[in-house]
Amino acid sequence: MGIKGKNDRMVVLACEDCKERNYTTVKNKKNTKDRMELKKYCPTCKQHTTHKETK
């Protein structure tokens, strides 16, 4: 279920190193077809790591 409209969907971001799911965000699937990849702070690893979108 979307938050803003029918094209916006909630996605979960997981840390590349420890695989822990730390963040949720909204993405427009009409504009962004591929998976998101952001650099975020991971509290488990205690450093900034790459977070990828999970299923």
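Taking both residues in full, the closest heavy atoms of H51 and C15 are given as CD2-N, 3.5 Å, listed atom of the first, atom of the second, then distance. Contact between Q47 and Y41 at its shortest, heavy atoms only, is N-CE1, 3.6 Å.
N22 contributes atom CG, which lies 5.5 Å from atom OG1 of T44 (distance to the nearest 0.5 angstrom). Atom CG of L13 sits about 7.5 Å away from atom OG1 of T54, to the nearest 0.5 Å.
For E16, there are no salt bridge (Lys or Arg N to Asp or Glu O under 4.0 Å) partners, not counting sequence neighbours.
Within the structure, the salt bridge (Lys or Arg N to Asp or Glu O under 4.0 Å) test picks out the following pairs touching residues 36-45 (sequence neighbours left out): E37-K52.
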Run the side-chain donor-acceptor check on residues 24-36: report pairs under 3.5 Å with partners two or more places apart or on a different chain.
from : atom 1 : to  : atom 2 : distance (Å)
K27  : NZ     : D34 : O      : 2.9
K27  : NZ     : E53 : OE1    : 2.9
N28  : OD1    : K30 : N      : 2.9
R35  : NH1    : E53 : O      : 3.2

